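Before any comments, here is the structure.
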Amino acid sequence: MSTTFTESEFMIAQCARLMKDGETAFIGYGMPQIAAILAQMYHAPDLVQLYEFGAIGPQPSTPFVRLTMGGPSNCFRSLAWTNMNTIFAQAGAGYLDVGILGASQIDLYGNVNSTVIGDYEHPKRRFPGSGGGNEVASLCWRTIVIIMHEKRRFVEKVDFITSPGFLDGSEGARERAGLPRDTAPYRVVTSRALLGYAPNRRMQLLGVLRGFTVDEILAEMGFAPEVADDVVTLEPPTADELHLLRDVIDPSEAVIGRGTVLEVA
Amino acid sequence: MDKLATLSQAAELVRDGDVLAISGSFFESVPMALIREVIRQGKRDLKIIVSAHGIAVDILVGAGCVREVSGAYIGFEGYGLAPNFRRAVEQGTLEFNESACFAISSGLRAAAWGLPFLPIKGLFGSDLLLRHAEYKPYTWDGEEVMLVPALKPTVALVHGRRADSAGNVQIAGAGWDEVIAEAADRVIVTVEEIVPEEEIRRTPERTTFPGFLTTAVAEAPYGAHPAGSPGLYDFDEAHVLEYLEAGKTSDGFRSYLNRYVYEAPTHDQYLEAAGGVKRIFALRI
């Protein structure tokens, strides 16, 4: 029996599977929010979501149709309402296990651009600002980036380093720059694949969505990542995950409806 | 000391050229009634300091009140770009001084504590540093920190849940409102409800900042609309979508301002224009 799902549904389910029960997770807006709600409902009831405006541990009300992280429904049933200084300071003090961000561009060493495409002063495209993305990638122990699997997004070198990955990729580059020791980029969840980082800090292909080949994945990247010896097959969202996403969390498909529809046998 | 004011008196405390900080986030605890009154009063040349905000900044920019914005994100998240903000930046009529949320909120925190700067972690290795020569790396006992200078607003616009007439303010929800109240020279507050002092004394654990910080306080029920107020009412998504549709063109936005600001000269008239009691009440949580 085949499964039909959108690229967003796949990315959200993949990302949710990376969230662990009991962890503290700094959540950016959009797909990361939906993934956190799914994880909380599915396997990680004690996942503590944190939002930069200061909400700690909310259980966002569902259906979650709102396209914002700064609204009352997103702060619903919080454990605490604090403020931006508190959340970032907690991240800086090492209390946040994982940060989850969207991105416009990412490079071989996991540096993220969410500021501008092209030159800053004469941009091809300028985004509305990166919010707290820099601090999330700087201060959380591990950073997960969610990004569509498109060649133009995976570039050898990002046009602008908004949020640091392994910077120039040399050993100890983050620490030398002044970032907290042992913090690092962790995973990249795409609409086709799952990537991590090899010991040489280059991005590394770890998994491929069922029905796609490694070559097909690599052909849609602007650089050649390392490839793990044992690239795993990533399963599509399960019936349970799709039920929660479609019937409980986002029935209006505001977030899960994005991207093309995939069918996997 | 009595700090009670009408909405109009409160907004008159904003002067042309002021540096504004604004409470709340995208769609909660935004001092929208106060902002609409600032627009009606035709304030000009304002500078705004925010971390991440949307409609609060966009409507002021669209009404021609703003010269410069310092911020980390101005937009409507999943709803799209901030139409007036984008137009003004593209046309070169507005300066956008772009930074990161923690750097800005820490600059405000420094001002709140009367300090010239605060050390923070973060920003290292980012190209954002290329645009901010004023951020200075510093090594303290082997540990690297980034020094970010104080950001001093002259005025904080705040919408809270309730206050007494002395301006002791209680705000529900996540936010940074006590930080901007401590940082600013003048603090202009609207609340959903003015309550007796006794009510504040009964619940001091809920007080966000004390009356000696407050310059003026005005009652404005549903004063965050079309944003929401945590625990009381949700934000008005349909109105926000109408705003974004109107904002697609300058003319469309002018019609929006006419309908909801200039031709609704009081907050009560605004609430009528925005759908009246029935629709507003439907937003209650």
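All figures in this text were calculated on a predicted structure; none of them were measured in a lab. All chains are named by letter (A, B, ...) in the order of the sequence lines, taking the proteins before the strands, and each is independently numbered beginning at 1. Heavy atoms only: backbone and side chains are in, while hydrogens, waters and symmetry mates are out.
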request  = Please round to the nearest 0.5 Å and tell me the distance separating atom CD of B:Glu90 and atom CZ of A:Arg126.
outcome  = 10.0 Å
ask   = Atom OG of A:Ser138 and atom CD1 of B:Ile120: how far apart are they, to the nearest 0.5 Å?
value = 9.0 Å
ask   = To the nearest 0.5 Å, what is the distance between CG (A:Asn134) and CG (B:Leu123)?
value = 5.0 Å
query = What part of A:Leu179 lies closer than 4.5 angstrom to a heavy atom of chain B: side chain, backbone, both or neither?
reply = both
note = Shortest non-hydrogen pair, B:Ala103 vs A:Glu135, comes out as N-OE2, 3.5 Å
note = Residue from B:Ser99, B:Ala100, B:Pro137 scoring the most non-hydrogen pairs under 4.5 Å with chain A is B:Ala100
Portion of B:Leu81 that has a non-hydrogen atom of chain A nearer than 4.5 angstrom = side chain
message = Check this for me: A:Arg153, atom CZ, are more than 12 non-hydrogen atoms of other residues, nucleotides or ligands nearer than 6.0 Å?
response = yes
task = Determine the interplanar angle of the B:Phe102 and A:Phe88 rings, folded into 0 to 90°, and report it as parallel if under 30°, tilted if 30 to 60°, perpendicular if over 60°.
result = tilted
key: Enclosure of A:Glu150 CD (heavy-atom neighbours >12, cutoff 6.0 Å)   = yes
request  = Look up atom CG in B:Leu128 and atom OG in A:Ser130, then write down how far apart they are to the nearest 0.5 Å.
outcome  = 5.0 Å
inquiry  = Within this structure, what is the CZ-SG distance for the pair A:Phe53 and B:Cys101, rounded to the nearest 0.5 Å?
reply    = 6.5 Å
ask   = Does B:Arg131 make a cation-pi contact with A:Tyr120, if we ask for NZ or CZ under 6.0 Å from the ring centre and within 45° of the axis?
value = yes
message = Just so I understand: if I count every heavy-atom pair under 4.5 Å between each of B:Ser106, B:Gly75, B:Gly24, B:Gly125 and chain A, which residue has the most?
response = B:Gly125
inquiry  = Less than 4.5 Å to any heavy atom of chain B: does that hold for the side chain of A:Pro128, its backbone, both, or neither?
reply    = both
ask   = So A:Arg181 and B:Glu143, side-chain contact (heavy atoms from CB on, under 4.5 Å) or not? Walk me through it.
value = CA-CA 10 Å; A:Arg181 189 166 298 281; B:Glu143 185 167 354; over 6 Å; no
task = Heavy atoms only: give me the nearest B:Lys121-A:Pro180 pair and the separation to one decimal.
result = CD-CG, 4.4 Å
task = Over all heavy atoms of both residues, which pair between B:Ser51 and A:Met84 is shortest? Give the atoms and the distance, please.
result = OG-CE, 3.1 Å
query = Is B:Ser126 reaching over with its side chain to a backbone N or O of A:Thr162, donor-acceptor style, under 3.5 angstrom?
reply = yes
query = Would the number of heavy atoms belonging to other residues, nucleotides or ligands and lying under 6.0 Å from CZ of B:Arg206 be above 12?
reply = no
Top contributor to chain B interface from A:Gly54, A:Gly178, A:Ala177 [non-hydrogen pairs under 4.5 Å] = A:Gly178
ask   = Pick from A:Asn85, A:Thr86, A:Asn83: which one has the most heavy-atom pairs with chain B under 4.5 Å?
value = A:Asn85
query = Where on B:Val30 is there a heavy atom nearer than 4.5 Å to chain A: the side chain, the backbone, both, or neither?
reply = neither
task = Report, as yes or no, whether the 6.0 Å neighbourhood of atom NZ on B:Lys152 holds more than 12 heavy atoms from other residues, nucleotides or ligands.
result = yes
query = chain A: which of B:His53, B:Glu98, B:Arg86, B:Met146 shares the most heavy-atom pairs with it under 4.5 Å?
reply = B:Glu98
inquiry  = Please determine whether the number of non-hydrogen atoms from other residues, nucleotides or ligands lying under 6.0 Å from atom CZ of A:Phe223 exceeds 12.
reply    = yes
task = Check each atom of B:Phe76 against the heavy atoms of chain A and say whether the ones under 4.5 Å are side chain, backbone, both or neither.
result = backbone
key: B:Ala172, part contacting chain A, at a heavy-atom distance under 4.5 Å   = both
Aromatic contact, A:Phe127 with B:Tyr73 (centres under 6.0 Å) = no
note = When the 4.5 angstrom heavy-atom criterion is applied to A:Arg77 and chain B, the contacting part is neither
